[in-house]
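Below, each value reflects all heavy atoms present in this structure, side chains not excepted, and no hydrogens, waters or symmetry copies.
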Amino acid sequence: MERVSVWVSARDPISEAGVVSQLRPRPEIRVVSSDEIDAALVAVVVADAVDDETLRMLHVVQRRGFTRTVLVVGHLGDDELIAAVEAGVVGIVRRGEATPERLVQVIGGAAAGDGAVPPDLLGRLLDQVGRLQRQVLGPRGLTFTGLAAREIQVLRLIAEGYDTGEVARQLAYSERTVKNVLHDVTSRLQLRNRSHAVAYALREGLI
């Protein structure tokens, strides 16, 4: 089994030492120091609450290139939950539930690209996401991927092998409109070409 390299950061040295001491003996985990941070795959951030200072820490971690951050936190309200997710957190563990087994489970999931949120928090997160989709994004024709419904339709047909003319006929658009949609998507998302755009849509589960 390949060990997951983990970097731990906390606002106080006692909390950091506590989490490190739980993880270091585990054969699945390799805890790295700040000097080896570039070798770490998962960042573990420990905090009492998601306040401004914690959010700054999470954004710093995000800028360091971490795409897999686990947050160990004492208190988390609905607004703080959304803020943590926006700051790149993919796994959340309450401090009272942060046993070595639970930490290793969530870290392993983060390393594999999976998210982990306590069940009651997941329900609240989904409620928030649904409300945002209905009240803010939906009326503007947008989705959480940043793609409009029309853009998703075009990419789905391109993925099925249709050329721009066939897509235009299927959707009752002009060919120029279809080409503009593809250009807008590739430019906005910094994709190389339509094949890259299709790959992106597949990866995001859109098609």
Side-chain angles (χ1 to χ4, degrees), residues 1-133 136 144-146 203-205:
M1 178 190 302
E2 187 174 350
R3 301 170 78 190
V4 178
S5 297
V6 176
W7 174 68
V8 180
S9 176
R11 287 168 57 171
D12 66 274
I14 292 178
S15 294
E16 182 173 326
V19 172
V20 168
S21 68
Q22 287 194 9
L23 294 177
R24 201 178 293 282
R26 300 295 300 224
E28 312 96 322
I29 303 294
R30 183 173 77 89
V31 179
V32 303
S33 66
S34 293
D35 295 337
E36 303 175 281
I37 189 171
D38 290 339
L41 178 63
V42 176
V44 176
V45 174
V46 188
D48 289 325
V50 181
D51 53 18
D52 290 343
E53 187 175 341
T54 299
L55 287 174
R56 279 194 293 273
M57 185 188 303
L58 290 171
H59 285 299
V60 167
V61 168
Q62 200 174 32
R63 287 196 294 273
R64 293 295 298 262
F66 283 100
T67 57
R68 299 171 173 89
T69 300
V70 172
L71 176 65
V72 181
V73 66
H75 171 74
L76 198 64
D78 290 353
D79 292 341
E80 292 84 4
L81 176 60
I82 293 292
V85 172
E86 288 176 343
V89 171
V90 298
I92 296 173
V93 182
R94 287 193 178 93
R95 292 185 75 144
E97 301 169 354
T99 63
E101 290 72 22
R102 181 59 180 158
L103 284 172
V104 169
Q105 182 183 30
V106 175
I107 289 169
D114 298 327
V117 178
D120 63 306
L121 292 182
L122 181 59
R124 284 155 53 188
L125 177 61
L126 291 175
D127 286 343
Q128 290 271 52
V129 167
R131 192 175 304 115
L132 182 59
Q133 178 68 55
V136 179
F144 272 98
T145 61
R203 188 170 63 247
E204 294 297 322

### Query
Got a second to check how far Glu97's CD is from Ile92's CD1, nearest 0.5 Å?
11.5 Å
### Message
For a quick test of reading the model, state the closest non-hydrogen atom pair linking Phe66 to Ala40 and the distance between them.
### Response
CE2-O, 3.6 Å
### Query
Which heavy atom of Arg102 sits nearest a heavy atom of Val93, and at what distance?
CG-CG1, 4.0 Å
### Query
Can you list the steps and then say if Asp51 with Arg11 is a salt bridge (Lys or Arg N to Asp or Glu O under 4.0 Å)?
CA-CA 12 Å; Asp51 53 18; Arg11 287 168 57 171; 2.6 Å; yes
### Query
Quick check: does any side chain N or O of Thr54 sit under 3.5 Å from a backbone N or O of Ala49, one acting as donor and the other as acceptor?
yes
### Query
If you round to the nearest 0.5 Å, how far is CD of Glu16 from OG of Ser9?
6.0 Å
### Query
At their closest point, which heavy atom of Leu55 faces which heavy atom of Ala84, and how far apart are they?
CD2-N, 4.4 Å
### Task
Look at atom CZ of Arg64 and say whether more than 12 heavy atoms of other residues, nucleotides or ligands are closer to it than 6.0 Å.
no
### Query
How about Arg26 and Glu101: do any of their side-chain heavy atoms sit closer than 4.5 Å?
yes
### Query
Under the criterion side-chain contact (heavy atoms from CB on, under 4.5 Å), which of Leu71, Val45, Val73, Leu81 is the partner of Val89?
Leu71
#### Entry: Heavy-atom closest contact (Val42 atom, Ile107 atom, distance)
CG2-O, 4.0 Å
### Task
Keeping the roles fixed (side chain from Arg3, backbone from Pro27), state whether a donor-acceptor pair exists under 3.5 Å.
yes
### Query
Can you find a pair of side-chain heavy atoms, one from Ile37 and one from Val32, that are under 4.5 Å apart?
no
### Worked verdict on Arg94 versus Leu76 for side chain to side chain contact (heavy atoms under 4.5 Å, CB included)
CA-CA 9 Å; Arg94 287 193 178 93; Leu76 198 64; over 6 Å; no
### Task
Grab the two heavy atoms, one from Ala43 and one from Val61, that are nearest each other, plus how far apart they are.
CB-CG1, 3.7 Å
### Message
Donor-acceptor check, side chain of Arg68 to backbone of Ala111, threshold 3.5 angstrom: yes or no?
### Response
yes
### Query
So, for Ala39 and Arg30, which heavy atoms are closest and what is the spacing to 0.1 Å?
CB-NH2, 4.0 Å
### Query
Roughly how far, to the nearest 0.5 Å, is the OG atom of Ser15 from the CG atom of Asp48?
6.5 Å
